[in-house]
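Written below as structure tokens is the structure these notes are about.
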Amino acid sequence: MPKKKSSANDLPSRPKEYSFFKDVHEIVRQIPKGRVSSYGAIARYLGTGLSARMVGWAMNAAHQVQPPVPAHRVVNRNGMLTGKAHFSPPSLMEALLKKEKIIVKEDKILGFDELFWDPAIELTL
DNA sequence: AGCCTGACTTTGT
DNA sequence: GACAAAGCCAGGC
């Protein structure tokens, strides 16, 4: 049997249409209304091998993905709306959160600890 | 094919 | 406790 060359395509269980973004979008969409999650939590759910930065990057594409992804429910580990600058207008993120009964003070989510939604736990499979 | 970037996180000083 | 640096991986050019 001829030796197979190792390549990224050899990854098993990984459809061609697979996109890191798509996975992230799917998870983010599952965030219950009124709850929030963090980039790191999502990244960890996909596998510790992934980095949280990519999650945030996936959000960047979230704006052009369908169905729409509630990127406003994803904040950093501090509960700070670090990505608000990427919304248009930036105040949109805070506005959406407040609309879901989430209190935001100075770009920080109050009670973040209680509102935190960890896919690795909530989606316990 | 290679280099740069990026909405984070963790660890060390 | 605050600040600095490194690690991380995939997409874009």
Side-chain angles (χ1 to χ4, degrees):
Chain A
M1 151 161 202
K3 84 171 170 180
K4 199 160 195 176
K5 201 163 188 207
S6 293
S7 73
N9 284 9
D10 281 352
L11 292 174
S13 308
R14 200 156 287 195
K16 192 174 185 180
E17 297 180 34
Y18 172 85
S19 284
F20 181 83
F21 289 14
K22 192 174 180 183
D23 254 18
V24 175
H25 298 158
E26 239 180 284
I27 295 174
V28 175
R29 272 194 236 112
Q30 293 175 65
I31 300 177
K33 181 183 173 187
R35 300 296 285 278
V36 290
S37 190
S38 70
Y39 306 96
I42 296 169
R44 185 162 303 210
Y45 177 72
L46 294 174
T48 52
L50 303 175
S51 54
R53 281 187 172 171
M54 299 297 79
V55 178
W57 217 332
M59 299 280 92
N60 199 2
H63 288 284
Q64 59 185 322
V65 170
Q66 296 181 341
V69 178
H72 61 277
R73 291 184 191 146
V74 183
V75 297
N76 70 346
R77 205 46 179 110
N78 280 321
M80 190 185 258
L81 283 59
T82 52
K84 74 167 191 174
H86 293 253
F87 283 77
S88 33
S91 56
L92 179 63
M93 187 174 188
E94 188 175 323
L96 290 172
L97 288 172
K98 284 184 177 178
K99 205 169 183 179
E100 300 188 358
K101 309 296 190 259
I102 297 178
I103 310 302
V104 179
K105 185 75 174 182
E106 308 213 10
D107 296 350
K108 286 181 306 187
I109 295 179
L110 298 186
F112 175 70
D113 187 33
E114 295 177 27
L115 298 173
F116 183 64
W117 184 86
D118 188 343
I121 297 175
E122 307 296 335
L123 297 182
T124 317
L125 303 176

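Not measured: the values here are computed from a predicted model. Only this structure's heavy atoms are used, side chains among them; waters, hydrogens and symmetry mates stay out.
- Closest-nucleotide positions on DNA chain C for A/Ala52 and A/Phe21 were compared, and the one nearer the 5' end corresponds to A/Ala52.
- Side-chain contact between A/Val74 and A/Val24: absent, with no pair of heavy atoms (C-beta onward) separated by less than 4.5 Å.
- A side-chain contact (heavy atoms from CB on, under 4.5 Å) with A/His72 is found for one member of A/Glu100, A/Glu94, A/Met59 and no other, namely A/Glu100.
- Look at CH2 on A/Trp57: it is 10 Å from P on C/dC13, rounded to the nearest Å.
- If you check every strand for non-hydrogen atoms under 4.0 Å, A/Asn76 touches sugar and phosphate atoms only.
- In this structure, A/Ile31 atom CD1 and B/dA7 atom P are separated by 18 Å, rounded to whole Å.
- A donor and an acceptor atom sit less than 3.5 Å apart, one in the side chain of A/His63 and one in the base of B/dA7.
- The local environment of CG in A/Leu92 is crowded, with over 12 non-hydrogen atoms from other residues, nucleotides or ligands closer than 6.0 Å.
- For A/Ser51, the listed nucleotide lying nearest its side chain is C/dC8; candidates were C/dC8, B/dT9, C/dA10.
- Closest contact between the side chain of A/Met59 and the listed nucleotides C/dA10, B/dA7, B/dT9 involves B/dA7.
- The main-chain N or O of A/Ile31 is found under 3.5 Å from a side-chain atom of A/Arg73 such that the two form a donor-acceptor pair.
- Counting to the nearest Å, the P atom of C/dG11 and the CZ atom of A/Phe20 are 9 Å from each other.
- Both the sub-6.0 Å distance and the 45° axial angle are not jointly satisfied by A/Arg77 relative to the ring of A/Phe112.
- The separation between A/Arg77 atom CZ and C/dC8 atom C1' is 17 Å, rounded to whole Å.
- Rounded to whole Å, atom C1' of C/dG7 lies 14 Å from atom CZ of A/Arg44.
- At whole-Å resolution of the value, NZ in A/Lys22 and P in C/dG11 are 14 Å apart.
- For A/Ile42 and B/dT9, the CD1 to C1' distance is 14 Å, given to the nearest whole Å.
- Following rounding to the nearest Å, A/Asp23 (CG) and C/dG11 (C1') show an atom-to-atom distance of 16 Å.
- Residue-level contact check: A/Ala71 touches the bases, meaning some heavy atom is under 4.0 Å from a base atom.
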